[in-house]
J.: 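Once you've had a glance at the structure underneath, I'll fire off some questions.
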Amino acid sequence: MENRAEFEALVEQRLGATAAEHVDWSNPRVVCTAADFTRYDLAAAGMSHHRIDMVVYRRYADDLVTLELAASVAGGCGALSGRRPELARPVSVNRRTVTDVLAQASSEIRGLYEELDARLLDLGEGHSVPLQHYVAYRRRRNFA
């Protein structure tokens with residue numbers, strides 16, 4: 001909205017005066033395109049009062065590009081951040097972490113885990129992140 005005049009001038013220059021007159025400013029939308037977004041980017045998008053679509057691109061060879069919608073925030077301050085207290089999850093009584101569970105698991109279960117871990121990591125470009133209750137396999141976001 002702060003760059004409305006510049007945007008309309010660009011539309012007029014590229015598409016003509018008629019197109020510039022028909023730009024609908026009633027519900028502006030921002031589309032951010034990047035190779036990746038962090039959780040901080042997503043949190044910042046949630047603080048906006050406007051609709052923000054975050055699109056991740058990936059380039060393959062010289063002639064192929066894919067676009068994936070990573071997040072879409074409807075707008076309104078705090079749209080992505082903060083939960084209502086009544087929706088908060090109860091605190092877990094079980095204090096064992098995933099590392100503790102794997103350390104105490106039988107050799108058969110550890111072998112299965114290691115095989116699964118290797119196969120998921122072989123899918124390419126991903127990495128594993130051991131969290132408190134599970135191991136997350138991520139590319140741009142969790143996939144397993």
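The model shown is predicted, which means the values in this text are computed figures rather than measured ones.
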J.: Minimum heavy-atom separation for A45 and M54, please, with both atom names.
T.: CB-SD, 3.9 Å

J.: So how far is it from T66 OG1 to R59 CZ, rounded to the nearest 0.5 Å?
T.: 12.0 Å

J.: Going by an N to O cut-off under 4.0 Å, is there a salt bridge joining R119 and E115?
T.: yes

J.: Count I, L, V, M, F, W, Y as connected when their side-chain heavy atoms are under 4.5 Å apart, and connections chain through other members. Are L67 and Y60 then in the same cluster?
T.: no

J.: Quick one: do Y137 and L102 end up in the same hydrophobic cluster if we chain Ile, Leu, Val, Met, Phe, Trp and Tyr together by side-chain heavy atoms under 4.5 Å apart?
T.: yes

J.: Write down the atom of C32, the atom of I52, and the distance for their closest heavy-atom approach.
T.: SG-CG2, 4.2 Å

J.: Is R110 reaching over with its side chain to a backbone N or O of A105, donor-acceptor style, under 3.5 angstrom?
T.: yes

J.: Would you give the length of the straight line joining atom CG of D100 to atom OG1 of T97, rounded to the nearest 0.5 angstrom?
T.: 3.5 Å

J.: For a quick test of reading the model, state the closest non-hydrogen atom pair linking F37 to A70 and the distance between them.
T.: CD1-CB, 4.4 Å

J.: Is E108 atom CD crowded by more than 12 heavy atoms from other residues, nucleotides or ligands, each under 6.0 Å away?
T.: no

J.: Side-chain heavy atoms under 4.5 angstrom apart, residues restricted to Ile, Leu, Val, Met, Phe, Trp, Tyr: same cluster for Y134 and V129?
T.: yes

J.: Using the side chain to side chain contact (heavy atoms under 4.5 Å, CB included) definition, which of the options D117, L116, D122 pairs with L120?
T.: L116

J.: Give the minimum heavy-atom separation between A71 and L42, together with the two atoms involved.
T.: CB-CD2, 3.4 Å

J.: So if you build clusters from Ile, Leu, Val, Met, Phe, Trp, Tyr with side-chain heavy-atom gaps below 4.5 Å, do L15 and F7 land together?
T.: yes

J.: Check L121 against S128 and note the closest heavy-atom contact, atom names and distance.
T.: CD2-N, 3.8 Å

J.: Write down the atom of A20, the atom of E8, and the distance for their closest heavy-atom approach.
T.: CB-O, 3.7 Å

J.: Pick from V55, D53, V56: which one makes a side chain to side chain contact (heavy atoms under 4.5 Å, CB included) with T33?
T.: V55

